[in-house]
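What follows is a single structure, written as structure tokens, with notes after it.
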Amino acid sequence: MQIQQGTWTIAAGWDKPMVCEWGDEVQLVLVFGSPSVIQESAWRSDLQQQYPNARLLGCSTAGEIAGTMVLDESLVATAIRFEQSQVKANVITLSPGESSLTAGDRLGQLLEKENLTHVFVLSDGLQVNGSDLVRGLSQHLPEGVSLTGGLSGDGDRFEQTYVLLDDEAQSNRIAAIGIYGDRLRVGYGSLGGWMPFGTERRITKSEGNVLYELDGQPALALYKTYLAEHATGLPATGLLFPLRLKDQGLVRTILAVDEAEQSLTFAGDVPEGSIAQLMHANFDRLIDGAIEAAETSHTALKGGSTELAILISCVGRKLVLKQRTEEEIEGVQEVLGEQAVLTGFYSYGEISPFAPGAPTQLHNQTMTITTFSEF
Amino acid sequence: MPQDRHRLLQRQLKRYVGDMEEIPEHWQAFLAAVNDVYQQADQDRLLMERTLELSSKELLHANSQLQDMLQSVEQQVSDRTTELSQTNDSLAYALEQLQQAQWQLVQAEKMSSLGQVTAGIAHEINNPVTFIQGNLRHVKEYSEVLLSLISKYQIIYPRAPMEIAGFLEDHDVDFIAQDFPKIICSMANGTERITKIVLALRTFSRLDEADLKDTDLADDIESTLMILNSQLSLREGNSIEISYQRPTDARMIECYPSQMNQVLLNVIGNSIDALNGCKKFTSGVELGAIEPHPFTSEELTYIQDQASPKIWIVTEIQGDRLSIRIIDNGIGISEQIQSRLFDPFFTTKPVGQGTGLGLSTSHQIITKLHRGELVCRSHPGWGTVFEIQIPLSQSMVAIKSCTIAI
């Protein structure tokens with residue numbers, strides 16, 4: 001596997017020349033950029049010229065990961081030349097009123113199944129119920145094929161997100177690549193590091209990923225009580241208090257609020273009747289969580305050295321860690337080793353099994369790592 | 001901007017840097033980043049403190065709700081347990097009542113049948129006995145006439161013809177003349193006894209006397225003793241001596257006579273049983289100390305008479321009550337058994353011999369029906385006293401209880 005990585009900003013262009021002798025052998029270029037940058041066309045033409053045979057897969061973010069750096073208002077491009085594996089890509093645009101389950105089902109049908117090893121998916125971060133997407137898509141995956149990915153971001157604005165495959169970035173899209181071949185090892189791990197606190201509350205009213213009431217009281221009112229003056233920053237500040245679903249063992253994060261309905265929209269399902277608990281975090285626990293996710297994904301490579309790692313970390317973590325955000329990336333790099341090329345983004349949702357063998361689920365507030373190693 | 005700087009950072013800059021104007025322009029971005037961290041730390045701390053406070057309040061509230069709920073549940077459990085226990089008690093009581101009522105019904109039916117049979121027998125026997133008794137007087141007269149006639153003949157004709165003299169000698173007519181009045185006398189005694197037995201049977205059966213009635217219980221005691229007479233001979237050879245002094249004047253008591261007979265039969269019957277199983281009169285068992293004992297001094301004098309098996313029946317009027325004491329010098333009853341003596345179905349007799357209902361029914365008849373008392377005083381080895389106390393008048397008791405109720 002050969003990898004080349006560069007970053008691009010509107011002001012300065014590329015940080016270094018994206019030139020290499022094996023450019024036409026690159027099969028995949030991953031691009032993660034802030035919404036304003038990813039809609040630019042200049043960087044795209046550069047990449048298409050440099051890697052003429054590559055599929056260009058990417059999305060908008062709430063922060064880009066390039067090595068151990070976390071950037072804003074930039075774009076990180078990672079060109080990958082697999083030596084033993086092939087890449088095939090598909091994209092769908094959500095039809096008006098189409099459910100996420102149907103969309104996932106539709107995308108799953110498009111995937112070629114033969115010799116498939118792993119599927120990596122990027123989705124619109126605001127128009128999709130991530131849980132349903134995973135359910136729709138997973139039903140088409142042959143046994144042993146793993147699925148990871150993430151929901152695209154829009155900084156801390158929660159207004160519009162974009163996904164691109166080859167052409168310009170668009171909203172309402174879901175794109176997936178299949179990686180084929182039997183000389184590829186894929187590892188993954190996902191962990192939060194958030195701690196539940198206070199009383200357990202029952203979800204007394206909800207529909208899909210929209211939460212109305214906890215213990216018979218409006219859920220939005222509860223969040224506002226805890227956030228106090230930070231409530232004006234909703235929905236972004238809602239990320240300071242993710243919701244733990246006790247029975248499902250999942251964490252849910254807020255994507256939107258509706259003052260009229262007094263409701264909160266989460267990135268995944270919040271089933272009625274479930275027991276929920278507010279969570280909070282501190283720096284050390286978040287960083288430890290990221291390190292543990294890295295260890296899980298590294299172990300899954302069964303001795304293989306990580307060549308590429310895609311890190312999808314929740315925007316909520318960045319909101320808490322702020323200037324210390326890069327510490328969680330540094331922690332991951334230390335576990336995976338200097339040779340590992342890190343890319344990825346801060347997302348509105350992470351898709352992965354908790355650990356190898358477990359079913360794929362939508363997570364929130366986690367650091368989710370997918371590692372690749374060819375042999 | 002300096003005016004937006006965190007106060008601590010501002011103070012630190014003043015102390016360690018001094019003149020703000022000397023800070024180079026390219027350090028401003030660094031200072032801004034440090035300032036952000038200072039302010040963020042403050043905000044984070046405030047948020048954490050607020051979170052802790054709110055969460056504590058919620059937990060305390062939840063805790064207090066749980067406590068309330070727990071108390072309410074405990075109360076409910078306690079109420080329900082009491083309720084169940086009461087229901088259980090009343091069911092057990094109802095069952096006991098039912099069993100007793102059933103037994104009493106069976107007993108009443110038995111007593112009624114027995115009464116009818118005894119009354120029938122008494123009536124049937126009474127007629128021929130009266131007939132015999134009535135004619136016996138004539139038989140006596142006639143026999144005296146005939147014997148006088150023979151005597152006169154012998155005086156007037158001292159030399160009787162051979163045939164007559166032979167007949168007189170062959171049939172030992174002289175002996176007949178001596179024995180005949182004795183036979184008549186014995187027959188008269190026999191019929192008199194039959195008459196007494198018939199009377200006792202009638203008194204005991206108390207047919208048509210199931211209701212409250214003025215009664216001289218001395219008659220009932222005597223008739224009960226007559227009925228039990230056959231049981232007074234003990235297996236070991238001795239006989240039980242009954243000591244009963246009938247009062248000279250009649251004492252009319254308002255009671256249910258047939259029910260009282262049942263009580264007397266049960267209690268005296270028990271005393272006979274206590275003496276029947278008693279080895280001390282035959283094998284000279286060593287008696288323990290009599291002290292301490294529960295008896296009155298009068299009872300003690302009776303019980304200390306341990307020479308032979310005896311039952312004393314003592315009746316006396318005590319204020320507005322009649323007391324009947326049945327005292328025996330039998331084996332006595334242990335304290336453990338005394339406490340259960342009046343429990344339904346409690347018996348010390350071998351299976352099949354006792355129903356365990358005799359004393360419990362007697363207790364019911366005395367306490368519930370007659371509003372009296374039936375108590376037992378006993379000293380194991382020495383003997384037992386059963387004391388029956390009933391009001392002289394049931395209507396007086398009813399008036400008293402009404403007055404109390406008002």
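Sequence lines set the chain letters: A, B, ... in the order given, protein chains first and strands last, and positions in each chain run from 1. From a predicted model like this one, the values you see are computed outputs, not experimental measurements.
Salt bridge status for Glu292(A) with Arg285(A): absent, with no side-chain N to carboxylate O gap under 4.0 Å. Electrostatic pairing of Glu387(B) and Arg377(B) counts as a salt bridge here, judged by a charged N lying under 4.0 Å from a carboxylate O. The pair Glu272(A)-Arg202(A) does not meet the salt-bridge criterion, since no charged nitrogen lies less than 4.0 angstrom from a carboxylate oxygen. Arg340(B) has a carboxylate O that lies under 4.0 Å from a charged side-chain N of Asp343(B), or vice versa, which qualifies the two as a salt bridge.
Using a 4.5 Å cut-off between non-hydrogen atoms, the part of residues 313-330 of chain A that approaches chain B consists of Lys322(A), Gln323(A). Of all residues spanning residues 43-60 of chain B, those with a heavy atom less than 4.5 Å away from chain A's heavy atoms are Gln43(B), Asp44(B), Leu47(B), Met48(B), Arg50(B), Thr51(B), Leu54(B), Ser55(B), Glu58(B), Leu59(B), arranged by number.
Using the six-membered ring where Trp is involved, Tyr348(A) and Phe158(A) have ring planes that are parallel, under 30° apart on the 30 and 60° scheme. Between His370(B) and Tyr256(B), the ring planes lie perpendicular to each other; the angle is over 60°, past the 30° to 60° tilted range.
Among pairs with a residue in residues 47-86 of chain B, none fulfils ring pair (Phe, Tyr, Trp, His ring centres under 6.0 Å), at least two apart in sequence or across chains. Among residue pairs with one or both ends in residues 82-92 of chain B, those qualifying as side-chain hydrogen bond (donor to acceptor under 3.5 Å, both in side chains) are Arg80(B)-Glu83(B); sequence neighbours excluded.
Heavy atoms of Leu278(A) lying under 4.5 Å from chain B are absent altogether.
Annotation: Gln65(B), atom CD; neighbour count of heavy atoms from other residues, nucleotides and ligands within 6.0 Å is above 12.
Remark: aromatic rings of His280(A) and Phe241(A) are distant, center separation not under 6.0 Å.
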